[in-house]
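Taking it in order: structure first as structure tokens, then the write-up.
Reminder, nothing fancy here: chain letters follow the sequence lines and each chain counts from 1.
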Amino acid sequence: MLHWVEKFILSWSIIVIAIMTVGNVISRELTGSSWAFSQEISRLAVIMATFMGISYAARKGRHITMSAFFDLSPKIVKKALSILNPLVSAIVLFVIAYFAYEYMMSTYASGRTTAALQIPIWIMVMFVPLGLVLGGIQFLRNMWVNIVNEEVYLAQDKKDYDEQ
Amino acid sequence: ACGSDEDAGTDNGAADGDGDETYELRFATEEYEGQLQYEYAREFAELLEEKTDGRITTSVYEFGGLGSEVDQFEMIQNGGVEFAIVSPGFTGTTVREGQLFALQFLFSDDEDVNYQVLNESEALNEDLAAKYEERNVKPLAFWSEGGMQWTGNRELREPSDFEGFRMRTQESSLILRSYEAYGADPTPLSWAELYSSLQLGNVDGQENPIFFIEDANFHEVQDHMTISDHNIYVAMTTVNADFYNDLPDDLRQAVDETVDEMRPAAQEMQLEMNEELLTAIEEDDANPTEIYTLSEEERNAFRELAIPMQDYFRDDVGEDGAAILDKLLEEIEEAEGN
Amino acid sequence: MVWTLLAIMVILLLLGFPMMIPLIVAPLVVMLIYFDNLDPMMMAGQLVEGVSAYVLLAVPLFIFAADIMSTGKTSRRLLDFVGSFVGHLRGGYAITTAAACTLFGSISGSTQATVVAIGKPMRERLLKVGYKDSSAIALIINASDVALLIPPSIGMIIYALVTGTSTGDLFIAGIGPGLLIFICFAIYAYIHARIFNIPLVEKAPWNVRFSLTGKALLPLGFPFIIVGGIYTGYFTPTEAAGVAVLYALLLEVVIYRSVKVTDIPGIALSTGLVTSAVFVLVAGGQAFSWVISYAQIPQMLTEAVMGTDPSALYVLMIIALFFFIGCMFVDPIVVILILTPIFWRPAMEAGIDPVHLGVVITYQAALGSATPPFGVDIFTASAVFNKSYLDVIKGTPPYIIILLFIGILVILFEEISLFFLYLL
Ligand code: NA
Ligand code: NA
């Protein structure tokens with residue numbers, strides 16, 4: 001279910017950005033007035049896509065990684081790294097999520113809003129800690145598949161190239 | 001290469017002055033080297049170091065590295081920087097009362113009156129300042145970066161010239177509405193994209209003080225400039241309130257003295273820079289710009305459309321803001337009477 | 001402090017962490033150790049700030065347009081069209097690959113999208129006419145670099161974001177070096193085919209060529225709409241990206257009917273996935289830049305490398321070197337985000353044209369990201385083709401020599417980048 005929600009948010013953020021950008025051009029060329037709200041909606045959508053996408057990309061093993069040494073390592077090293085790395089990544093994401101939560105609370109307290117639609121900034125920021133926590137959980141899952149399985153998994157849904 | 005490893009703020013140990021504690025401070029500005037805010041901050045830093053016999057040294061940051069203007073405002077709130085120059089325009093979504101500086105034709109047409117009002121106004125230096133102090137930011141001085149002027153790809157002399165004109169503005173509902181009142185199609189745009197948007201004709205014009213127009217080369221991509229003085233660009237010199245209140249008395253006094261000595265210096269810098277760069281625009285034959293100064297009559301036509309925005313401000317921002325505005329209007333009138 | 005920062009970055013990168021982790025950890029640790037007056041929550045604010053710029057919207061939009069077209073028929077139509085004209089020449093399939101990458105690069109802003117759209121179908125054809133797999137893959141990843149230079153370009157969008165240079169001018173200035181790469185690759189393809197005796201393919205008759213040209217006509221309108229639209233002031237680069245999506249949908253959904261409306265969310269999902277993977281780096285890059293600016297590391301660094309009053313050529317060489325090395329380790333977008341502000345002031349003081357600088361930087365980023373030992377494109381190709389790291393890099397040396405040579409030309413002769421701007 002959660003997985004479905006993540007995918008839904010990810011794909012519709014992109015579609016919304018496209019609609020806002022194209023709509024703004026069309027409205028300006030046809031009626032001569034711009035959509036003042038289009039940038040703010042798009043900004044919200046980009047933030048959602050970026051941070052809510054972390055866990056999905058982690059699950060699919062799509063985060064950009066310099067894997068040269070990993071690829072050249074013997075299996076035993078790969079196995080160790082494939083358990084250690086997701087664990088450390090998860091911890092890092094949880095720590096940042098905590099700071100992001102504090103930041104969200106500070107934007108909540110300040111009452112800052114966007115200019116045109118007056119969307120409270122904390123609503124935009126909210127997706128940062130949320131996305132980071134979900135991302136952290138996914139990295140723990142990536143670690144788990146490597147603990148319970150004998151093969152090396154680059155991510156929950158992606159085996160190492162040597163294993164394919 | 002670990003240059004400035006030392007933490008900013010109190011160096012070590014005893015916070016309450018043993019008299020020789022030193023401070024390494026940070027001063028954030030919203031402009032680049034060579035522009036007013038940066039030069040102001042640099043002079044401020046030198047003066048303060050001199051006054052404190054080197055006990056306070058201050059690094060000045062130009063715009064960019066520390067994030068957007070809004071980020072910088074957050075940093076001064078949190079003590080990430082001790083000093084900052086803040087344009088109230090960028091804080092209008094946090095301290096809503098600060099939006100009053102976006103009201104066009106609010107200040108006097110007389111530079112000296114405005115100088116006096118900014119320095120002495122109770123409405124600004126006490127009432128509005130209190131609103132910022134609630135956010136842990138203490139405004140030390142309000143000062144002008146010069147009159148705001150219009151540039152456009154066509155001549156702007158009367159409100160009807162704004163019909164269908166795509167005016168680039170800062171992101172502020174008050175500014176948007178002000179230009180809608182002139183009949184324009186206001187378009188909020190980050191200034192990083194402004195030059196190319198003017199060049200390509202995505203937007204038709206913009207507003208800024210002269211020094212900024214020249215420095216950002218907007219005149220290169222605009223055929224007309226209107227000396228409208230429809231507003232003055234007000235900047236605030238601010239300090240993190242906690243830091244300021246915890247300073248030993250002698251150092252706090254040095255800060256206050258520096259602020260006061262910077263008042264005439266900033267005014268002089270502003271007048272000089274704007275005049276010099278106006279000449280530069282006039283004399284730039286490679287990029288000719290038609291410069292037109294509005295007559296009093298022409299300005300009144302705009303003034304008439306701009307004044308009702310004060311009511312919008314009163315309704316939108318609420319009681320405290322309305323009271324600050326009313327008091328400020330009285331103070332301006334009084335200063336003009338003298 | 002500089003060493004702490006570097007050590008964390010390098011160790012975590014070598015251990016194979018997703019790049020966003022070192023990018024976040026390094027500045028966080030520096031902040032916690034050296035700057036106790038900086039509230040760490042401000043770093044979260046920088047993550048948000050990093051992805052908030054309006055120009056960045058162009059990135060997911062251009063990727064979306066490319067994804068729609070590689071799902072549909074556009075990329076194959078481009079391949080067939082180019083192939084019918086040059087496929088029969090000596091090295092014709094390699095030339096076709098280079099030309100198709102250049103054409104698709106004019107639709108897509110990213111090298112990765114080009115590797116997927118052109119590389120996948122083209123690799124099969126190359127293998128069929130007798131190319132070794134290693135030389136096919138090397139050709140594909142290096143030719144895809146052109147996508148970063150030919151407009152639209154994500155690298156240039158990021159550069160424009162950081163420096164305030166006109167994206168439109170940068171786009172135009174990328175055309176010259178992009179075409180130069182294509183020409184050199186085409187010449188090399190000819191020589192390579194001679195040496196390895198790649199068999200010739202039958203020439204396509206003119207009626208086939210006409211019909212394939214007709215089919216490719218609409219996709220070929222793309223570059224004109226994008227560059228033309230930006231240049232006549234119809235829309236900003238970001239809006240051009242939106243228009244590209246609209247055009248792609250019009251082609252694939254309405255005209256060719258090769259993509260169903262119900263397919264769109266699925267395509268958007270794959271775009272979203274790439275966007276997220278790239279934008280977490282942009283967000284982290286902002287946090288990183290913010291901390292090093294706060295620590296005033298850029299000033300120290302430029303004083304140390306640049307000395308006083310360096311010549312423009314020296315500055316350009318140093319910049320090229322730093323970007324080349326940086327892109328060997330880190331994603332080009334991150335390198336542009338972090339290094340550009342560091343070198344901006346000395347470059348401007350040396351009188352370098354900001355557009356030319358943007359082209360040099362983007363060129364180095366493109367080159368570095370396809371260069372062993374490390375390089376994002378290599379890893380993309382390894383994922384796309386399911387090949388190990390070594391298999392992917394085996395064939396790259398000749399291309400890298402060519403690209404280095406062109407790189408020097410681009411630095412020495414600013415006309416290569418500015419020529420098309422003079423025409424306008
Ligand atoms: Na491109
Ligand atoms: Na590389």
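Across every non-hydrogen atom of C:Met42 and B:Asn78, the tightest pair is SD-ND2, 2.8 Å. Residue B:Gly65 comes nearest to C:Ser293 through the heavy atom pair CA-OG, 3.3 Å, listed as atom of the first residue, atom of the second, then distance. The shortest non-hydrogen separation linking C:Gln46 to B:Gly67 is OE1-CA, 4.1 Å.
Of the atoms belonging to C:Gln299, not a single heavy atom falls under 4.5 Å from chain B. Looking at B:Glu62, only its side chain comes within 4.5 Å of chain C, counting heavy atoms on both sides.
A 4.5 Å side-chain heavy-atom check between C:Asn37 and B:Glu82 finds at least one atom pair inside the cut-off.
Within the model, atoms CG of C:Asp39 and CD of B:Glu74 stand 10.5 Å from one another, a figure rounded to the nearest 0.5 Å. Residue B:Met75 holds its CE atom at 5.0 Å from CH2 of C:Trp290, rounded to the nearest 0.5 Å.
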